[in-house]
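As C-alpha cells, the structure follows; a few thoughts come after it.
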Amino acid sequence: MKNSDLEQARYINLVTYRKSGKEVATPVWAACEDGTYYIFSAGSAGKVKRLRNSNRAKAAKCDLRGKLLGDWHEASATILDNPAEIAQALQVLRAKYGFQMWLSDVGAKLTGRFEKRAYIGLVVLEED
C-alpha cells in the first residue's frame, strides 16, 4: 500500500511494543521501495530487541525529534537477515539520504559499529 506521507517523510516515528504491550516510539530514517520501508539501527537497540519478540509496529511522519506530522499507520516489521535484502536496504537508504547516509556509514565503519547494525523491513498494513 502506498503512503505518500511516509514515502516523502525525512523521518518517521517507528513504534515498537514491549512485552507488556507498552508502545515505544523512536524517530528514524526510512526509505521506501516496492512497498517496504527500510530502516537501520544499532543491532543492540531496544527497537531491535522488541522486534525480535513481536513484529507488530506502527509508523507516522515526524520531525527529527519525533513530533508527529502525519497519521499513524499500522505496520509489520521484520529484522532482515538475508544478505541480498540487507544490500537492498543499504542501496535504498543511500539513494534517499545521500551524503548523510555516507557520513553515517563512514562513522560506523571507523568505530566498528557498521557490522553490528540491524536492518529492518517495515510494511504498512492495509487500512480499512
Side-chain angles (χ1 to χ4, degrees):
M1 176 178 186
K2 287 217 172 227
N3 291 289
S4 60
D5 64 325
L6 291 179
E7 286 183 31
Q8 302 304 317
R10 191 88 184 135
Y11 302 94
I12 67 168
N13 207 330
L14 173 67
V15 167
T16 53
Y17 295 86
R18 292 187 176 152
K19 288 180 183 177
S20 68
K22 182 178 181 192
E23 295 182 354
V24 181
T26 309
V28 296
W29 283 352
C32 186
E33 182 170 271
D34 297 331
T36 299
Y37 295 85
Y38 295 105
I39 300 162
F40 75 98
S41 176
S44 60
K47 64 184 150 294
V48 175
K49 292 176 185 177
R50 290 186 292 276
L51 287 173
R52 290 191 203 290
N53 292 317
S54 172
N55 67 347
R56 185 174 163 223
K58 66 181 182 177
K61 181 179 178 179
C62 71
D63 67 12
L64 172 66
R65 298 191 183 272
K67 179 183 174 191
L68 292 185
L69 302 173
D71 295 328
W72 286 108
H73 302 277
E74 293 295 324
S76 176
T78 55
I79 300 165
L80 305 178
D81 56 9
N82 178 309
E85 289 178 317
I86 291 169
Q88 178 70 17
L90 268 169
Q91 178 184 352
V92 174
L93 285 159
R94 287 172 177 161
K96 181 173 181 178
Y97 293 99
F99 186 69
Q100 286 180 300
M101 188 68 189
W102 179 84
L103 279 176
S104 176
D105 288 348
V106 168
K109 287 177 182 177
L110 289 173
T111 59
R113 295 177 312 198
F114 188 82
E115 297 301 324
K116 296 176 184 174
R117 279 185 179 169
Y119 296 87
I120 299 165
L122 180 86
V123 177
V124 173
L125 304 174
E126 292 293 324
E127 297 172 344
D128 296 333

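A donor-acceptor pair shorter than 3.5 Å can be found between the side chains of S76 and N55. Donor-acceptor pairing under 3.5 Å is lacking for the side chains of S20 and R18.
In this structure, OG1 in T111 is found 8.5 Å from NZ in K116, a value given to the nearest 0.5 Å. Distance CG/L80 to OG1/T36: 8.5 Å, rounded to 0.5 Å. From I120, atom CD1 reaches atom OG1 of T78 across 8.5 Å, with rounding to the nearest 0.5 Å.
Between F40 and Y119, the angle of the ring planes lies from 30° to 60°, which puts this pair in the tilted group.
Here the shortest heavy-atom pairing between S41 and K47 reads OG-CE, 3.3 Å. Residues A77 and A57 come closest through the heavy atom pair CB-CB, 4.1 Å. Between L93 and Y38, the shortest heavy-atom distance links the atoms CD2-O, 3.4 Å. The two residues A60 and W72 have their closest heavy-atom pair at CB-CE3, 3.6 Å.
Placement of V15 and L68 within a single hydrophobic cluster is found when ILVMFWY residues are connected by side-chain heavy-atom separations under 4.5 Å, directly or transitively. If you chain together hydrophobic residues whose side chains sit under 4.5 Å apart, F99 and L110 fall into the same group. Note: the hydrophobic cluster containing F114 also contains Y97 (ILVMFWY, side chain heavy atoms under 4.5 Å, direct or indirect links). Hydrophobic clustering keeps I39 apart from I86 (ILVMFWY residues linked when any side-chain heavy atoms are closer than 4.5 Å, directly or through intermediates). Taking hydrophobic clusters as Ile, Leu, Val, Met, Phe, Trp and Tyr residues chained together by side-chain heavy-atom distances below 4.5 Å, V92 shares a cluster with M101.
Residues V48 and I79 are in side-chain contact: their nearest non-hydrogen atoms beyond the backbone lie under 4.5 Å apart. In this structure, the side chains of C62 and K67 stay at 4.5 Å or more apart for every pair of heavy atoms. A 4.5 Å side-chain heavy-atom check between L6 and Y37 finds at least one atom pair inside the cut-off. Side chains of L122 and L14 form a contact here, defined as non-hydrogen atoms less than 4.5 Å apart. No side-chain heavy atom of K96 sits less than 4.5 Å from a side-chain heavy atom of W29.
Not a single donor-acceptor pair under 3.5 Å links the side chain of S104 to the backbone N or O of Q100. Side-chain N or O atoms of N13 include one that pairs as donor or acceptor with a backbone N or O of T26 at under 3.5 Å. A distance-only check finds a donor-acceptor pair linking the side chain of S54 to the backbone of R56 [under 3.5 Å].
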Check against side chain to side chain contact (heavy atoms under 4.5 Å, CB included), R117 and D105: CA-CA 10 Å; R117 279 185 179 169; D105 288 348; 2.7 Å; yes
Would N53 and Y17 satisfy side chain to side chain contact (heavy atoms under 4.5 Å, CB included), going step by step from the backbone distance to the final call? CA-CA 9 Å; N53 292 317; Y17 295 86; over 6 Å; no
Applying side chain to side chain contact (heavy atoms under 4.5 Å, CB included), run through D71 and K61 and close with a yes or a no. CA-CA 7 Å; D71 295 328; K61 181 179 178 179; over 6 Å; no
Under the criterion side chain to side chain contact (heavy atoms under 4.5 Å, CB included), I'd like the reasoning laid out for L69 against D5: C-alpha separation, chi angles, the key distance, then a yes or no. CA-CA 9 Å; L69 302 173; D5 64 325; over 6 Å; no
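Remark: K58 engages E23 in a salt bridge, criterion side-chain N to carboxylate O under 4.0 Å.
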